[in-house]
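Shown next, in structure tokens, is the structure this report addresses.
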Amino acid sequence: MTRVLRINEKNIDHNKIRYAAEQIKKGKLVVFPTETVYGIGASAFDEEACKKIFEVKHRAADNPLIVHICDFRQLQSIAAVSQNLLDKIKKVWPGPVTFVLKKKVLPDIVTAELDTAAVRMPGNKIALELIRESGVPIAAPSANISTFPSATEARHAIKDFNGRVSVIIDGGRSRFGLESTVINLSRKPYTLLRPGAYDLKDLERVFGRIIVPKKINDTKKSGKVLSPGMKYRHYSPNTRLVLFSDNDLISEAVRLAKLNKLRFALLCSEETAVNFRNERVIILGSRKDLGSIAKNLFSSLRKLDTFNVDIGFIESFDEHGIGLPIMNRLIKASVGNIVGHRGDLLKIFNSG
Ligand code: AMP
Ligand code: MG
């Protein structure tokens, strides 16, 4: 049985936190909100409990988990950090950035046998209280079945994990709606492993130059991967998704879809939606506020699957600021179905 506990971040009910923390201590799984997306968590020191995370998520064993902490004492118990680096990390935590660091003590299953650990102090009071009350760091990947869009509302996690976890804490909608930025600090030069909710430019002000690998948006499974999670299909709805790197081609796609009797939905900004008043549209937010697009992105991808259509068309956004992780998620979610030229449309419609 799964208990759903509604907790208000501004007025935390500590009895509910205590109940959830008891479950963590007993080796059970707890879904909890963070400022990025919802996490499915277990005690990071409990190998058996962490194994269950991989099972219920259908997550590949070589894809390591992020360990969530509530204070710097916990950080120093699981990772080796110099005083100089610690001073810098203190400037950005709690917050939506994860650091890969030299690992000290953690079960191999958590770090997929790597000698590094990914660690984050989340900027959500419910998450911090849960970790504090549990007395252990909490290993937690995003609370979704692997390959599907992340959960940004408790109801998403309920759909994916009802009956498979002990507690789902409903803390409302995630503030950012995109996962944390992941930076490898375990060796120099520092590199970006995943663009995310923390702006890279702001991080560079604290940590100096951070290398952005060319392969950061790769959807191919071959070759050397920077971070294990990058080689897997990710964020995809069940419905076939087509991303327009040239948004001017959307109207042509709509025309061709009608000609080919394909049922489609358009996922776009409110500015684009005014040109498609008679179509099935899911509004992502405003182009003038990319934060609103980020916040609605995963729930919109999940919504697409409730529409009973053959195909989803999604517009692209400028890769500035939060636009960078938005486009990273869209490129991965559309698994290479990207339209940048007229010729790409033919490929999309010919492959049915
Ligand atoms: P998620 O579970 O969706 O929050 O994703 C966690 C991300 O962090 C995945 O892309 C992992 O590959 C990455 N990650 C976790 N631990 C490490 C590590 N030790 N080294 C490199 N990447 C890591
Ligand atoms: Mg994930």
Side-chain angles (χ1 to χ4, degrees), residues 29 31-42 44 50 53-69 75 78-81 96-122 124 127 137-152 156-157 160-161 174 176-187 190-198 210-211 213 215-219 221 224-237 297-298 301-302 325 328-329 332-333:
L29 304 188
V31 169
F32 62 98
T34 81
E35 80 278 38
T36 57
V37 298
Y38 275 72
I40 174 167
C50 291
I53 296 180
F54 285 87
E55 283 165 14
V56 301
K57 255 193 80 107
H58 307 292
R59 185 179 176 100
D62 68 352
N63 192 2
L65 308 179
I66 293 175
V67 179
H68 294 74
I69 57 167
L75 171 64
I78 59 176
V81 196
V97 53
T98 297
F99 296 116
V100 170
L101 301 160
K102 292 242 155 51
K103 161 179 159 174
K104 267 193 197 160
V105 210
L106 278 172
D108 276 341
I109 187 167
V110 172
T111 58
E113 319 232 342
L114 297 171
D115 57 5
T116 51
V119 190
R120 180 164 97 88
M121 189 187 290
N124 175 297
I138 295 184
S142 51
N144 54 279
I145 305 288
S146 285
T147 81
F148 289 101
S150 305
T152 54
H156 300 153
D160 288 7
F161 299 119
S174 306
F176 290 103
L178 285 183
E179 298 82 355
S180 59
T181 306
V182 181
I183 309 284
N184 188 355
L185 297 181
S186 72
R187 57 191 155 111
Y190 298 153
T191 47
L192 176 70
L193 297 181
R194 174 175 77 187
Y198 209 118
I210 295 168
I211 308 283
K215 296 171 82 171
I216 200 80
N217 290 334
D218 244 9
T219 51
K221 291 181 184 67
K224 189 177 181 301
V225 290
L226 300 155
S227 169
M230 287 172 72
K231 68 175 181 251
Y232 293 105
R233 181 169 179 157
H234 222 154
Y235 319 115
S236 301
L297 191 63
F298 288 131
L301 293 179
R302 283 174 177 259
N328 169 268
R329 306 309 187 263
K332 297 205 172 213

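Just follow the structure's listing: the first ligand is 1, and inside any ligand the first atom is 1.
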Worksheet item: Would a 4.5 Å heavy-atom cut-off, applied to side chains only, mark Val37 and His156 as touching?
Response: no
Discussion item. Between Arg329 and Ser150, is there a side-chain donor-acceptor contact under 3.5 Å, judged purely by atom types and distance?
Written reply: no
Discussion item. Considering Pro64, Ser142, Ala60, Ala139 one by one, which has a heavy atom nearer to atom 14 (N) of ligand 1 than any of the others?
Written reply: Pro64
Discussion item. Looking only at the side chains, is there a donor atom on one of Ser142 and Glu179 sitting less than 3.5 Å from an acceptor on the other?
Written reply: no
Fill in: Leu193: numbered ligand 1 atoms lying under 4.0 Å from its heavy atoms
21 (C), 22 (N)
Worksheet entry | Euclidean distance, Ile145 CD1 relative to Lys57 NZ, rounded to 0.5 Å | 8.0 Å
Worksheet item: Distance-only, no hydrogens or angles: does the Asn328 side chain make a donor-acceptor pair with backbone N or O of Arg194 under 3.5 Å?
Response: no
Practice prompt. Would you check, one step at a time, whether the test side chain to side chain contact (heavy atoms under 4.5 Å, CB included) holds for Ile40 with Tyr38?
Written response: CA-CA 7 Å; Ile40 174 167; Tyr38 275 72; over 6 Å; no
Item to complete: Tell me, please: is Thr111 in heavy-atom contact with ligand 1, that is, under 4.0 Å?
Response: no
Discussion item. For Arg194, which part has a heavy atom under 4.0 Å from ligand 1: side chain, backbone, both, or neither?
Written reply: side chain
Fill in: Metal site the Mg ion (ligand 2), protein N/O/S atoms found under 2.8 Å
1
Discussion item. Between Ser236 and Thr147, is there a side-chain heavy-atom distance shorter than 4.5 Å?
Written reply: no
Worksheet item: What distance do Ser180 atom OG and Met121 atom CE have between them, rounded to the nearest 0.5 Å?
Response: 14.0 Å
Worksheet item: How does Arg59 reach ligand 1, if at all, at less than 4.0 Å between non-hydrogen atoms: by side chain, backbone, both, or neither?
Response: side chain
